[in-house]
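Reading through the structure tokens given below for one structure.
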Amino acid sequence: MATTQYCISRFMDIDPIKCSFSSSPTPLSKQSLHLSNHKCHELGSLSMNGCGSDPRAPLGVIETRTFPIVLTPALAADRLSSAVFDLKTNPSTLESGIIRIEVPIQQQIEALDWLRSQSQTTLPRCYFSGRDSGNIPLLQHANGNGKGNGHASSHDHEDPQQKLVSVAGLGSAVFFRHLRPFSLDDWRSIKRFLSKKCPLIRAYGGIRFDARSNIAPEWEGFGSFYFMVPQVEFDEFEGSSMIAATIAWDNRLSRTYGQAVAALEATMWQISSVVRRLNGNGRRAVMLHQTHIPNKASWDSAVKRALDLMTRKNSTLVKVVLARSSRVLTAVEIDPLEWLTNLQVEGDNAYQFCLQPPESPAFIGNTPERLFYRDQLRVSSEALAATRARGGTPSLDLQIGHDLLTSAKDDHEFAVVRESIQRKLENICSSTIIEPSKALRKLPRVQHLYAKLTGTLQKEDDEFKILASLHPTPAVCGHPMEEARIVISETEMFDRGMYAGPVGWFGGAESEFAVGIRSALVGKGVGALLYAGTGIVQGSNPALEWQELELKTSQFTKLMKLEAPLLVMREKIEL
């Protein structure tokens with residue numbers, strides 16, 4: 001089989017700080033990094049928390065330097081290495097700034113393949129794959145009419161020739177993390193490092209479902225929120241790719257320009273010279289044991305209690321979303337990126353993400369639900385609620401979908417979500433459109449009721465209001481929100497962490513966030529924690545809701561029950 005030359009070559013050829021790695025690292029175990037120079041460890045771990053800055057103080061420079069497109073990744077690596085050398089030999093005299101250097105490549109290379117090849121590094125990492133919202137399969141209800149005037153576009157405003165498919169990042173040029181709830185000043189601290197003129201400088205991360213709840217040990221590395229601008233980034237476009245590197249500095253945060261360049265050099269030196277594509281020869285993770293919090297008996301009691309609260313006199317509680325945490329123990333350590341690769345089969349028209357702070361498990365997910373997307377002043381959101389399995393035959397699938405569309409209980413659950421989002425958008429936007437008003441959203445294993453809502457912001461600073469207002473949606477919390485949150489906090493005996501929280505990215509002109517459902521916390525000694533939730537409304541049946549939890553986690557559990565991994569043979573490509 002002919003091979004294609006893939007990235008990445010060794011970047012450093014100018015005064016490198018050498019590092020060597022153990023030859024057979026265990027995926028996601030606490031790896032040993034052998035350093036030939038202690039300074040390498042200091043520089044590689046050095047990073048800057050942007051939350052400590054003055055959120056209103058502008059940076060001295062925000063700049064993107066783009067090289068001409070090249071034919072191969074090897075050429076791109078050479079260009080990038082030269083650009084980093086220029087950063088080093090021509091230092092900035094400004095007190096603060098962020099500079100991104102990028103080299104486009106004519107080949108389309110999967111960003112997740114690139115990230116998986118970096119298994120020998122313990123650097124923080126992120127991955128985000130967008131969703132083709134213009135190609136969502138919908139089946140509208142015969143009587144479903146849009147509310148409001150006008151029509152929402154079925155496509156986001158993107159140039160299809162330049163569509164960014166997915167992004168993988170290693171190391172953080174600047175990160176943002178704190179134990180207190182995400183605030184307007186935190187948002188401004190992030191936006192301080194972004195610019196409309198540099199659209200691919202982005203901060204990727206997520207926010208806890210409930211910042212007021214106690215943080216469990218497995219979630220400590222994420223804080224109340226965690227965002228990172230990657231140091232080294234691989235961007236996958238439709239038909240092409242790009243390698244990029246970013247430095248950020250701020251003297252007031254004790255991070256000088258020279259330290260930023262040195263830290264980037266240390267990170268680049270750890271980038272693997274080989275891209276290993278999935279070959280199916282790895283040890284598969286077989287489930288040895290699984291425990292649920294709550295167990296089935298406790299779940300039945302929790303659902304009945306929620307239903308009792310709804311039927312009490314003068315109760316305002318209409319819906320509450322109760323969740324379950326399932327701890328899975330396996331014979332070998334689970335590689336979260338291998339799981340994410342397998343979930344690509346399930347990921348048609350869904351967001352995929354991985355977020356892993358230093359020395360933490362990886363939070364991964366394959367979520368169909370958008371929280372919001374902002375393009376300049378235009379903002380769109382979605383209502384997604386009620387769940388059914390897909391049918392094994394076209395006729396059965398059609399019948400199941402029809403039952404979902406005509407179910408009074410499911411229509412009530414969906415209407416609560418849609419109307420809540422509509423009210424929140426109308427409080428911030430100058431106009432709001434719902435189109436379609438009610439449709440079926442079909443995914444590989446499940447189908448939901450769906451509506452799309454769009455609006456126009458008064459000003460771009462209202463983005464924080466949108467985020468703060470939309471999260472949590474009734475689809476993951478309930479209605480009214482505060483009453484439902486109290487029931488959740490009193491009922492659930494585990495930490496949701498970032499499950500059901502906003503996961504995505506902030507950019508200068510655009511931002512996009514999904515809802516972190518269909519997700520799991522994987523590796524670093526926790527095995528895997530699988531999360532799933534279901535909406536409880538009047539008419540809910542505890543046994544049926546438990547079956548829905550099983551259906552939602554099956555995309556993960558199936559990976560541990562197969563005779564052989566669901567992996568296609570792919571070639572190993574070396575320079």
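Counting only heavy atoms from C-beta outward, the side chains of E435 and K452 never approach each other to under 4.5 Å. Here the side chains of I434 and Q422 are in contact, with some heavy-atom distance below 4.5 Å. Put simply, the side chain of K438 reaches to within 4.5 Å of the side chain of D411, judged on heavy atoms. The shortest distance between side-chain heavy atoms of L529 and F494 does not fall below 4.5 Å. A 4.5 Å side-chain heavy-atom check between R388 and D410 finds at least one atom pair inside the cut-off. Taking the side chain as every heavy atom from C-beta outward, V318 and H412 approach each other to under 4.5 Å. The shortest distance between side-chain heavy atoms of T341 and Q344 falls below 4.5 Å. For the pair E369/T473, a side-chain contact is recorded, criterion being any heavy-atom separation below 4.5 Å from C-beta on.
Between T387 and the choices H448, E413, R445, the side-chain contact (heavy atoms from CB on, under 4.5 Å) rule is met once, by H448. Exactly one of Y204, F225, F513 qualifies for a ring pair (Phe, Tyr, Trp, His ring centres under 6.0 Å) with F506. That residue is F513.
In this structure, SG in C477 is found 10.0 Å from CD1 in I486, a value given to the nearest 0.5 Å. T456 contributes atom OG1, which lies 13.0 Å from atom CD1 of I428 (distance to the nearest 0.5 angstrom). Atom OG of S469 is separated from atom CZ of F464 by 11.0 Å, given to the nearest 0.5 angstrom. The line from CD of E233 to CE of M228 is 9.0 Å long, rounded to the nearest 0.5 Å. Taken from OG in S129 to CG in L112, the straight-line distance is 8.5 Å, to the nearest 0.5 Å. Atom-to-atom distance recorded for D335:CG and L340:CG is 10.0 Å, nearest 0.5 angstrom.
Formation of a donor-acceptor pair under 3.5 Å by the T367 side chain with backbone atoms of V515 is found in this model. S407 places no side-chain N or O within 3.5 Å of a backbone atom of D403 that could act as its donor or acceptor partner. Between the N541 side chain and the L544 main chain, a donor and an acceptor come within less than 3.5 Å of each other. Here the side chain of R418 pairs no donor or acceptor atom with the backbone of Y450 at under 3.5 angstrom. Between the side chain of Q352 and the main chain of L343, a donor-acceptor pair closer than 3.5 Å is present. A donor-acceptor pair under 3.5 Å is absent between the side-chain atoms of S301 and the main chain of W299, judged by distance alone. Although no hydrogens or angles enter the test, the distance criterion places a donor-acceptor pair under 3.5 Å between the side chain of S519 and the main chain of G516. No donor-acceptor distance shorter than 3.5 angstrom exists from the side chain of S315 to the backbone of T311, with no hydrogens or angles considered. Although no hydrogens or angles enter the test, the distance criterion places a donor-acceptor pair under 3.5 Å between the side chain of H471 and the main chain of F209. Side-chain atoms of N427 come within 3.5 Å of backbone N or O of R423 as a donor-acceptor pair.
Listed here is the closest heavy atom pair of A362 and C354: CB-SG, 4.1 Å. The heavy-atom pair separating L457 from C429 by the smallest distance is CD2-SG, 3.9 Å. In plain terms, the two heavy atoms of L384 and V417 that are nearest each other are N-CG1, 4.2 Å. Across all non-hydrogen atoms, the minimal contact from F414 to A383 is CE1-O, 3.6 Å. Nearest heavy-atom pair across G223 and L179 is CA-CD2, 4.2 Å. For the residue pair I215 and S224, the shortest heavy atom distance occurs at CD1-N, 4.2 Å.
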Evaluate the criterion salt bridge (Lys or Arg N to Asp or Glu O under 4.0 Å) for residue pair D461 and R188; output intermediate values, then yes/no. CA-CA 9 Å; D461 284 356; R188 286 171 173 160; 5.5 Å; no
Start with the C-alpha gap between T454 and R378, add the side-chain angles, then the distance that decides, and say whether side chain to side chain contact (heavy atoms under 4.5 Å, CB included) holds. CA-CA 7 Å; T454 58; R378 179 178 177 268; 4.2 Å; yes
For a side chain to side chain contact (heavy atoms under 4.5 Å, CB included) check, start with the C-alpha distance between L355 and V503, then their side-chain angles and the critical distance, and finish with the verdict. CA-CA 9 Å; L355 185 63; V503 180; 5.7 Å; no
Run V167 and W505 through side chain to side chain contact (heavy atoms under 4.5 Å, CB included) and show every step you take. CA-CA 11 Å; V167 173; W505 53 271; over 6 Å; no
Decide yes or no on side chain to side chain contact (heavy atoms under 4.5 Å, CB included) for V416 and V537, but give the supporting numbers first. CA-CA 10 Å; V416 168; V537 297; 5.9 Å; no
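For CG of N214, the number of neighbouring non-hydrogen atoms (other residues, nucleotides, ligands) closer than 6.0 Å is 12 at most.
Taking a cutoff of 4.0 Å between a charged side-chain nitrogen and a carboxylate oxygen, K191 and E463 qualify as a salt bridge. Remark: E460 engages R374 in a salt bridge, criterion side-chain N to carboxylate O under 4.0 Å. By the 4.0 Å N-to-carboxylate-O rule, E545 lies close enough to K409 to be salt-bridged with it. Ion pairing of R305 with E490 is present here, as a side-chain N (NZ or NE/NH1/NH2) and a carboxylate O approach within less than 4.0 Å. Salt bridge status for R370 with E512: present, with a side-chain N to carboxylate O gap under 4.0 Å. We find that R485 and E482 are joined by a salt bridge, their nearest charged nitrogen and carboxylate oxygen being less than 4.0 Å apart. Taking 4.0 Å as the cut-off between side-chain N and carboxylate O, E338 and R116 count as a salt-bridged pair. Between K296 and D300 there is a salt bridge, with a side-chain nitrogen of the basic residue lying less than 4.0 Å from a carboxylate oxygen of the acidic one. The residues D397 and K442 are annotated as salt-bridged, a charged nitrogen and a carboxylate oxygen being separated by less than 4.0 angstrom.
Aromatic rings from W339 and F556 are positioned such that their centres are separated by under 6.0 Å. In this structure, F363 has its ring center closer than 6.0 angstrom to the ring center of F353.
Ring geometry, Y499 versus Y531: the interplanar angle falls under 30°, so the pair is classed parallel (tilted spans 30 to 60°).
Annotation: cation-pi pair R177/Y226 absent, no NZ/CZ under 6.0 Å from the ring centroid and within 45° of its normal. Geometrically, R324 engages W546 in a cation-pi contact defined by less than 6.0 Å to the ring centre and at most 45° from the axis.
Between the side chains of R125 and Q356, at least one donor-acceptor pair of N or O atoms lies under 3.5 Å. Between the side chains of S183 and D186, a donor-acceptor pair is found at a separation under 3.5 Å. Between the side chains of H292 and S326, at least one donor N or O lies within less than 3.5 Å of an accepting N or O. Side-chain contact check for E548 and T534: at least one donor-acceptor pair (N or O, by modelled atom type) lies under 3.5 Å. Remark: the S213 side chain and the R208 side chain contain an N/O donor-acceptor pair separated by less than 3.5 Å. Counted by atom type alone, E236 and S166 present one or more donor-acceptor pairs between their side chains at under 3.5 Å.
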